[in-house]
Amino acid sequence: QVQLVESGGGLVQAGGSLRLSCAASGRTFSDYAMGWFRQAPGKEREFVARISWSGTSTYYAGSVKGRFTISRDNAKNTVYLQMNSLKPEDTAVYYCAADPLSPWLVASKTRISDFGSWGQGTQVTVSA
């Protein structure tokens, strides 16, 4: 399995921006589709975004589409989540995840069970 470590979380005011990073190690990074999920207190973990192995295909949850951008740098074994126009309801622990089974697919693979490896999460707090 690939090991994943997220970073870049923090406290930001509503309307601000943050960029999360997820560094991968242990396996060939370009063999995986990558995703971001989030979990707010008292709520279930939910899908945020997914990117194919090459970076050419992406898919977003409706709640973040147009505000968040997922990207990857296979040379650096890193996936990013650029978050703009943040809202208090974006407050959550953000997790990155890797899917080795369907690296070319995006829209049809957004369930938690579609991903085999997970990071430990990074806290994002958006103040009103």
Side-chain angles (χ1 to χ4, degrees):
Q1 285 188 337
V2 65
Q3 288 76 50
L4 304 172
V5 179
E6 301 97 334
S7 61
L11 174 64
V12 64
Q13 289 187 333
S17 298
L18 279 176
R19 188 176 82 155
L20 306 183
S21 299
C22 173
S25 62
R27 291 293 181 95
T28 303
F29 183 63
S30 58
D31 285 347
Y32 295 80
M34 299 297 296
W36 286 96
F37 286 73
R38 66 187 182 185
Q39 187 166 17
K43 295 188 177 181
E44 294 185 351
R45 191 171 300 190
E46 64 175 3
F47 170 78
V48 174
R50 179 176 169 118
I51 188 166
S52 63
W53 70 274
S54 63
T56 56
S57 297
T58 58
Y59 185 75
Y60 298 91
S63 59
V64 307
K65 193 172 183 180
R67 300 189 297 122
F68 291 10
T69 301
I70 188 171
S71 62
R72 67 190 295 160
D73 185 337
N74 286 345
K76 295 182 177 180
N77 292 348
T78 302
V79 62
Y80 304 98
L81 185 68
Q82 177 67 44
M83 305 185 295
N84 298 329
S85 302
L86 282 162
K87 305 174 181 180
E89 51 264 44
D90 294 318
T91 295
V93 177
Y94 282 71
Y95 299 89
C96 72
D99 173 14
L101 300 180
S102 303
W104 59 93
L105 296 178
V106 288
S108 60
K109 297 289 185 180
T110 62
R111 299 170 300 180
I112 292 173
S113 59
D114 290 325
F115 295 83
S117 298
W118 293 82
Q120 82 291 346
T122 186
Q123 176 70 45
V124 172
T125 303
V126 184
S127 63

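Computed over heavy atoms, backbone and side chain alike; hydrogens, waters and symmetry mates excluded. Counting begins at 1 with the first residue of the sequence.
Between D31 and P100 there is no side-chain heavy-atom pair separated by less than 4.5 Å. In this structure, the side chains of Q123 and T91 come closer than 4.5 Å at one or more pairs of heavy atoms. Counting heavy atoms from C-beta outward, E6 and Y95 have side chains that approach closer than 4.5 Å.
In terms of heavy atoms, A33 sits closest to L105 at CB-O, 4.3 Å. Shortest non-hydrogen contact noted between A128 and A14 is CA-CB, 4.4 Å. Among all heavy-atom pairs drawn from V106 and S52, the shortest one is CG1-N, 3.6 Å. Minimum heavy-atom separation, S102 to R50: O-NH2, 2.9 Å. Across all non-hydrogen atoms, the minimal contact from G35 to F115 is N-CE2, 3.6 Å.
Note that the CD atom of Q120 and the CD atom of Q3 stand 12.0 Å from one another [nearest 0.5 Å].
Between the side chains of N84 and S17, at least one donor N or O sits under 3.5 Å from an acceptor N or O. There is a side-chain donor-acceptor pair under 3.5 Å between S54 and T56.
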Margin query: Run the side chain to side chain contact (heavy atoms under 4.5 Å, CB included) test on W118 and I112 for me, step by step, so that the C-alpha distance in whole Å, both residues' side-chain angles and the decisive distance to 0.1 Å come before the verdict.
Written below: CA-CA 10 Å; W118 293 82; I112 292 173; 3.6 Å; yes
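Under the 6.0 Å cut-off for aromatic ring centres, F47 and F37 qualify, their centroids lying closer than that.
With sequence neighbours left out, the salt bridge (Lys or Arg N to Asp or Glu O under 4.0 Å) criterion links R38 to E46, D90.
With a 6.0 Å cutoff to the six-membered ring centre and a 45° limit on the axis angle, R72 does not count as a cation-pi contact of W53.
The neighbour count for R27 CZ, taken as heavy atoms of other residues, nucleotides or ligands under 6.0 Å away, does not exceed 12. Annotation for E44: atom CD does not count as buried by contact number, only 12 or fewer foreign heavy atoms lying within 6.0 Å.
A donor-acceptor distance shorter than 3.5 angstrom exists from the side chain of T78 to the backbone of K76, with no hydrogens or angles considered. The main-chain N or O of G9 is found under 3.5 Å from a side-chain atom of T122 such that the two form a donor-acceptor pair.
Hydrophobic clustering, defined by side-chain heavy atoms of Ile, Leu, Val, Met, Phe, Trp and Tyr closer than 4.5 Å, groups V48 together with V2, L4, V12, L18, L20, F29, Y32, M34, W36, I51, Y60, V64, F68, I70, V79, L81, M83, L86, Y94, V124, V126.
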